[in-house]
Amino acid sequence: MAKQQDELILLDFWASMFGMRVRIALAEKGIPYEYREEDLKNKSHLLLESNPVHKKIPVLIHNGKPVSESCIIVEYIDEVWKDKAPLLPSEPYAKAHARFWTDFIDKKLYQPGRNLYTTKGEELEASRKDFISCLKLLEGELGDKPYFGGESFGYLDISLIPFYSWFQAYETYGNFITEHESPKLIAWAKRCIQNKDSVSNTLPDLEKVLALFNK
(Lines give C-alpha, C1' and ligand atoms only; values in the text may rest on other atoms or scores of the structure.)
Protein backbone atom coordinates (compact mmCIF):
# COMPACT_ATOMS: atom_id res chain seq x y z
CA MET A 1 0.00 0.00 0.00
CA ALA A 2 1.08 3.54 -0.66
CA LYS A 3 1.89 5.48 2.48
CA GLN A 4 2.00 9.18 3.22
CA GLN A 5 5.81 9.27 3.22
CA ASP A 6 6.14 7.72 -0.24
CA GLU A 7 8.78 9.41 -2.39
CA LEU A 8 7.77 9.89 -6.00
CA ILE A 9 9.99 11.35 -8.70
CA LEU A 10 8.85 11.74 -12.31
CA LEU A 11 11.50 12.00 -15.01
CA ASP A 12 9.80 13.62 -17.96
CA PHE A 13 9.85 16.18 -20.78
CA TRP A 14 7.14 18.84 -20.87
CA ALA A 15 5.98 18.18 -24.45
CA SER A 16 5.92 14.38 -24.18
CA MET A 17 2.43 13.02 -24.77
CA PHE A 18 3.51 9.89 -22.93
CA GLY A 19 4.71 11.87 -19.94
CA MET A 20 1.44 13.81 -19.96
CA ARG A 21 -0.41 10.53 -19.42
CA VAL A 22 1.46 9.99 -16.18
CA ARG A 23 1.00 13.58 -15.01
CA ILE A 24 -2.75 13.40 -15.66
CA ALA A 25 -3.04 10.09 -13.81
CA LEU A 26 -1.14 11.47 -10.81
CA ALA A 27 -3.32 14.58 -10.83
CA GLU A 28 -6.50 12.49 -11.00
CA LYS A 29 -5.37 10.65 -7.90
CA GLY A 30 -4.18 13.81 -6.14
CA ILE A 31 -0.71 12.35 -5.60
CA PRO A 32 2.17 14.74 -4.83
CA TYR A 33 5.46 14.08 -6.62
CA GLU A 34 8.72 15.71 -7.64
CA TYR A 35 8.89 16.60 -11.31
CA ARG A 36 12.30 16.54 -13.00
CA GLU A 37 12.54 17.90 -16.52
CA GLU A 38 14.91 15.91 -18.74
CA ASP A 39 17.10 17.30 -21.51
CA LEU A 40 16.53 14.61 -24.13
CA LYS A 41 19.75 15.52 -25.91
CA ASN A 42 21.73 15.17 -22.70
CA LYS A 43 19.89 12.61 -20.60
CA SER A 44 20.57 12.49 -16.90
CA HIS A 45 22.48 9.69 -15.23
CA LEU A 46 19.36 8.97 -13.19
CA LEU A 47 17.26 8.44 -16.34
CA LEU A 48 19.86 6.18 -17.97
CA GLU A 49 20.21 4.23 -14.74
CA SER A 50 16.46 4.01 -14.15
CA ASN A 51 15.51 2.94 -17.69
CA PRO A 52 18.64 1.23 -19.05
CA VAL A 53 16.73 -0.75 -21.71
CA HIS A 54 14.94 2.05 -23.59
CA LYS A 55 16.64 5.11 -22.04
CA LYS A 56 13.39 7.05 -22.49
CA ILE A 57 11.04 9.19 -20.47
CA PRO A 58 8.72 8.98 -18.66
CA VAL A 59 10.05 7.11 -15.66
CA LEU A 60 8.27 7.15 -12.31
CA ILE A 61 10.57 6.39 -9.38
CA HIS A 62 8.56 5.20 -6.37
CA ASN A 63 10.61 4.87 -3.20
CA GLY A 64 13.73 4.30 -5.28
CA LYS A 65 12.11 1.75 -7.60
CA PRO A 66 11.73 2.87 -11.25
CA VAL A 67 8.69 2.09 -13.38
CA SER A 68 8.95 2.74 -17.14
CA GLU A 69 6.58 2.98 -20.14
CA SER A 70 3.62 5.32 -19.80
CA CYS A 71 0.78 2.77 -19.94
CA ILE A 72 2.51 0.54 -17.42
CA ILE A 73 3.10 3.55 -15.15
CA VAL A 74 -0.56 4.61 -15.34
CA GLU A 75 -1.70 1.08 -14.49
CA TYR A 76 0.82 0.96 -11.65
CA ILE A 77 -0.51 4.25 -10.26
CA ASP A 78 -4.06 2.90 -10.47
CA GLU A 79 -3.12 -0.29 -8.63
CA VAL A 80 -1.06 1.33 -5.87
CA TRP A 81 -3.45 4.22 -5.16
CA LYS A 82 -6.75 2.34 -5.41
CA ASP A 83 -8.72 4.48 -2.98
CA LYS A 84 -9.39 7.44 -5.28
CA ALA A 85 -10.43 8.07 -8.89
CA PRO A 86 -10.20 4.56 -10.45
CA LEU A 87 -8.73 4.82 -13.93
CA LEU A 88 -9.13 1.34 -15.39
CA PRO A 89 -12.56 -0.31 -15.52
CA SER A 90 -13.08 -2.98 -12.86
CA GLU A 91 -14.92 -5.35 -15.20
CA PRO A 92 -12.41 -7.64 -16.98
CA TYR A 93 -13.81 -7.25 -20.51
CA ALA A 94 -14.07 -3.47 -20.25
CA LYS A 95 -10.51 -3.39 -18.91
CA ALA A 96 -9.23 -5.52 -21.81
CA HIS A 97 -11.15 -3.30 -24.25
CA ALA A 98 -9.54 -0.12 -22.88
CA ARG A 99 -6.10 -1.74 -23.07
CA PHE A 100 -6.74 -2.79 -26.69
CA TRP A 101 -7.52 0.75 -27.81
CA THR A 102 -4.59 2.20 -25.89
CA ASP A 103 -2.35 -0.31 -27.66
CA PHE A 104 -3.95 0.80 -30.95
CA ILE A 105 -3.08 4.43 -30.16
CA ASP A 106 0.54 3.58 -29.43
CA LYS A 107 1.03 1.23 -32.38
CA LYS A 108 -1.19 2.77 -35.08
CA LEU A 109 -1.68 6.49 -34.30
CA TYR A 110 1.67 7.62 -32.91
CA GLN A 111 3.95 6.81 -35.86
CA PRO A 112 1.77 8.29 -38.64
CA GLY A 113 1.47 11.40 -36.46
CA ARG A 114 5.23 11.59 -36.14
CA ASN A 115 5.61 11.07 -39.88
CA LEU A 116 3.49 14.17 -40.55
CA TYR A 117 6.36 16.42 -39.45
CA THR A 118 9.32 14.21 -40.40
CA THR A 119 8.47 13.10 -43.96
CA LYS A 120 7.51 14.63 -47.31
CA GLY A 121 5.93 13.66 -50.60
CA GLU A 122 4.27 10.28 -50.97
CA GLU A 123 5.25 9.14 -47.50
CA LEU A 124 3.66 12.22 -45.98
CA GLU A 125 0.49 11.68 -47.99
CA ALA A 126 0.28 8.04 -46.90
CA SER A 127 0.86 9.01 -43.28
CA ARG A 128 -1.86 11.67 -43.43
CA LYS A 129 -4.35 9.08 -44.70
CA ASP A 130 -3.29 6.59 -42.00
CA PHE A 131 -3.51 9.22 -39.27
CA ILE A 132 -6.98 10.41 -40.28
CA SER A 133 -8.15 6.80 -40.65
CA CYS A 134 -6.99 6.08 -37.08
CA LEU A 135 -8.78 9.17 -35.78
CA LYS A 136 -12.01 8.04 -37.45
CA LEU A 137 -11.71 4.58 -35.87
CA LEU A 138 -11.20 6.16 -32.46
CA GLU A 139 -14.16 8.46 -33.09
CA GLY A 140 -16.25 5.40 -33.89
CA GLU A 141 -15.18 3.80 -30.62
CA LEU A 142 -16.12 6.96 -28.72
CA GLY A 143 -19.53 7.12 -30.37
CA ASP A 144 -21.91 9.44 -28.54
CA LYS A 145 -20.45 8.79 -25.09
CA PRO A 146 -19.07 11.74 -23.08
CA TYR A 147 -15.85 9.78 -22.46
CA PHE A 148 -14.43 6.57 -23.88
CA GLY A 149 -15.41 4.67 -20.74
CA GLY A 150 -18.91 6.13 -20.71
CA GLU A 151 -19.83 8.72 -18.11
CA SER A 152 -16.49 8.67 -16.32
CA PHE A 153 -13.07 9.89 -17.46
CA GLY A 154 -10.57 7.04 -17.38
CA TYR A 155 -7.66 5.08 -18.74
CA LEU A 156 -8.40 5.33 -22.46
CA ASP A 157 -9.16 9.04 -22.21
CA ILE A 158 -5.83 9.53 -20.43
CA SER A 159 -4.08 7.54 -23.15
CA LEU A 160 -5.39 9.71 -26.00
CA ILE A 161 -5.95 13.24 -24.68
CA PRO A 162 -2.22 14.21 -24.61
CA PHE A 163 -2.15 13.84 -28.41
CA TYR A 164 -4.51 16.81 -28.60
CA SER A 165 -1.68 19.15 -27.62
CA TRP A 166 0.16 18.04 -30.77
CA PHE A 167 -2.80 18.44 -33.13
CA GLN A 168 -1.83 21.92 -34.27
CA ALA A 169 1.61 20.64 -35.25
CA TYR A 170 0.08 17.62 -37.00
CA GLU A 171 -2.34 19.86 -38.89
CA THR A 172 0.30 22.42 -39.86
CA TYR A 173 2.68 19.86 -41.34
CA GLY A 174 0.02 17.42 -42.54
CA ASN A 175 -2.16 20.12 -44.12
CA PHE A 176 -5.56 19.07 -42.75
CA ILE A 177 -8.02 20.19 -40.07
CA THR A 178 -8.78 17.55 -37.45
CA GLU A 179 -12.15 19.05 -36.56
CA HIS A 180 -13.31 18.65 -40.15
CA GLU A 181 -12.23 15.00 -40.18
CA SER A 182 -13.28 13.98 -36.66
CA PRO A 183 -15.57 16.58 -35.06
CA LYS A 184 -16.75 14.29 -32.25
CA LEU A 185 -13.16 13.63 -31.23
CA ILE A 186 -12.39 17.34 -30.99
CA ALA A 187 -15.61 17.88 -29.00
CA TRP A 188 -14.47 15.10 -26.63
CA ALA A 189 -11.03 16.72 -26.26
CA LYS A 190 -12.58 20.10 -25.44
CA ARG A 191 -14.88 18.38 -22.93
CA CYS A 192 -11.88 16.76 -21.22
CA ILE A 193 -10.12 20.13 -20.98
CA GLN A 194 -13.21 21.92 -19.72
CA ASN A 195 -14.28 19.31 -17.17
CA LYS A 196 -11.00 17.90 -15.90
CA ASP A 197 -8.45 20.07 -14.09
CA SER A 198 -6.00 17.19 -14.40
CA VAL A 199 -6.11 17.68 -18.17
CA SER A 200 -6.32 21.48 -18.43
CA ASN A 201 -3.45 21.92 -15.96
CA THR A 202 -1.26 19.35 -17.73
CA LEU A 203 -1.65 19.91 -21.46
CA PRO A 204 0.70 22.57 -22.82
CA ASP A 205 -0.44 25.28 -25.19
CA LEU A 206 -0.72 24.03 -28.77
CA GLU A 207 1.30 26.98 -30.06
CA LYS A 208 4.10 26.13 -27.64
CA VAL A 209 4.29 22.58 -28.98
CA LEU A 210 4.24 23.85 -32.56
CA ALA A 211 7.09 26.22 -31.70
CA LEU A 212 9.30 23.20 -31.00
CA PHE A 213 9.53 22.68 -34.75
CA ASN A 214 10.46 26.26 -35.52
CA LYS A 215 13.67 26.31 -33.53
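Throughout, numbering of the chain's residues begins at 1 and tracks the sequence. Only a predicted model underlies this, so the values are computations on that prediction, with no experimental measurement involved.
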- Should we say atom CD of Glu151 is surrounded by more than 12 heavy atoms from elsewhere, each under 6.0 Å from it? no
- Item | NZ/Lys129: more than 12 non-hydrogen atoms of other groups inside 6.0 Å |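 Atom NZ in Lys129 is not packed in, count stays at 12 or less.
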- Task: For the pair Leu8 and Ile61, evaluate side chain to side chain contact (heavy atoms under 4.5 Å, CB included) and give the outcome as yes or no after the intermediate values.
- Result: CA-CA 6 Å; Leu8 277 176; Ile61 304 173; over 6 Å; no
Do you know the tightest heavy-atom contact between [X] and [Y]?
X	Y	answer
Leu124	Gly174	CD1-CA, 4.4 Å
Val59	Pro66	CG1-CB, 3.9 Å
Ser50	Leu11	OG-CD1, 4.3 Å
Glu28	Ser198	OE2-OG, 2.7 Å
Gly30	Pro32	O-CD, 3.6 Å
Gly150	Pro146	O-CD, 3.4 Å

So, do [X] and [Y] sit near enough that their side-chain heavy atoms are less than 4.5 Å apart?
X	Y	value
Thr102	Ile158	no
Ile161	Trp188	yes
Tyr33	Ile9	no
Ile24	Leu203	yes

- Message: Under the criterion side chain to side chain contact (heavy atoms under 4.5 Å, CB included), I'd like the reasoning laid out for Phe213 against Tyr173: C-alpha separation, chi angles, the key distance, then a yes or no.
- Response: CA-CA 10 Å; Phe213 301 96; Tyr173 287 88; 3.1 Å; yes
Kindly say whether [Y] contributes a backbone atom to a donor-acceptor pair with the side chain of [X] at under 3.5 angstrom?
X	Y	value
Lys145	Leu142	yes
Lys29	Ile77	no
Arg21	Ser159	yes
Asp157	Tyr147	no
Asp130	Pro112	no
Asp106	Asp103	no
Asp12	Pro58	no
Glu91	Ala94	yes

Nearest 0.5 angstrom please: [X] [atom1] to [Y] [atom2], how far?
X	Y	atom1	atom2	value
Phe104	Glu141	CZ	CD	10.0 Å
Lys82	Leu88	NZ	CG	12.0 Å
Lys107	Cys134	NZ	SG	13.5 Å
Lys196	Asn201	NZ	CG	11.5 Å
Leu60	Asn51	CG	CG	12.0 Å
Leu160	Leu138	CG	CG	5.5 Å

Which donor-acceptor pairs under 3.5 Å do side chains of residues 40-49 form with protein atoms, sequence neighbours excluded?
{"from": "Lys43", "atom 1": "NZ", "to": "Lys55", "atom 2": "O", "distance (Å)": "2.7"}
{"from": "Ser44", "atom 1": "OG", "to": "Glu38", "atom 2": "OE1", "distance (Å)": "3.3"}
{"from": "Ser44", "atom 1": "OG", "to": "Glu38", "atom 2": "OE2", "distance (Å)": "2.5"}
{"from": "Ser44", "atom 1": "OG", "to": "Leu47", "atom 2": "N", "distance (Å)": "3.0"}

- Message: Side-chain heavy atoms nearer than 4.5 Å, only ILVMFWY residues, links allowed to pass through others: does that put Tyr35 and Val199 together?
- Response: yes
- Message: If hydrophobic clusters are built by linking Ile, Leu, Val, Met, Phe, Trp and Tyr wherever their side-chain heavy atoms come under 4.5 Å apart, do Leu156 and Ile72 end up in the same one?
- Response: yes
- Item | Residues that Phe100 engages under ring pair (Phe, Tyr, Trp, His ring centres under 6.0 Å), provided they are two or more places apart | none
- Query: Looking at residues at least two apart in the chain, or sitting in another chain, which of them share a ring pair (Phe, Tyr, Trp, His ring centres under 6.0 Å) with Tyr110?
  - Reply: Phe18
Could you pull out every donor-acceptor pair under 3.5 Å between side chains of residues 163-170 and any protein atom, sequence neighbours left out?
{"from": "Ser165", "atom 1": "OG", "to": "Pro162", "atom 2": "O", "distance (Å)": "2.7"}
{"from": "Trp166", "atom 1": "NE1", "to": "Ala15", "atom 2": "O", "distance (Å)": "2.8"}
{"from": "Gln168", "atom 1": "NE2", "to": "Glu207", "atom 2": "OE2", "distance (Å)": "2.9"}

- Item | Stepwise side chain to side chain contact (heavy atoms under 4.5 Å, CB included) test for Leu116 and Thr172 | CA-CA 9 Å; Leu116 293 174; Thr172 300; over 6 Å; no
- Query: Thr202 and Arg23: side-chain donor and acceptor closer than 3.5 Å?
  - Reply: no
- Query: Does Asn63 have any side chain to side chain contact (heavy atoms under 4.5 Å, CB included) partners at least two apart in sequence or in another chain, and if so, which?
  - Reply: Asp6, Glu7
Going by atom type alone, with no hydrogens or angles, which donor-acceptor pairs under 3.5 Å involve a side-chain atom of residues 178-185 and a protein atom two or more places apart or on another chain?
{"from": "Thr178", "atom 1": "OG1", "to": "Glu171", "atom 2": "OE2", "distance (Å)": "2.6"}
{"from": "Lys184", "atom 1": "NZ", "to": "Asp144", "atom 2": "OD1", "distance (Å)": "2.8"}

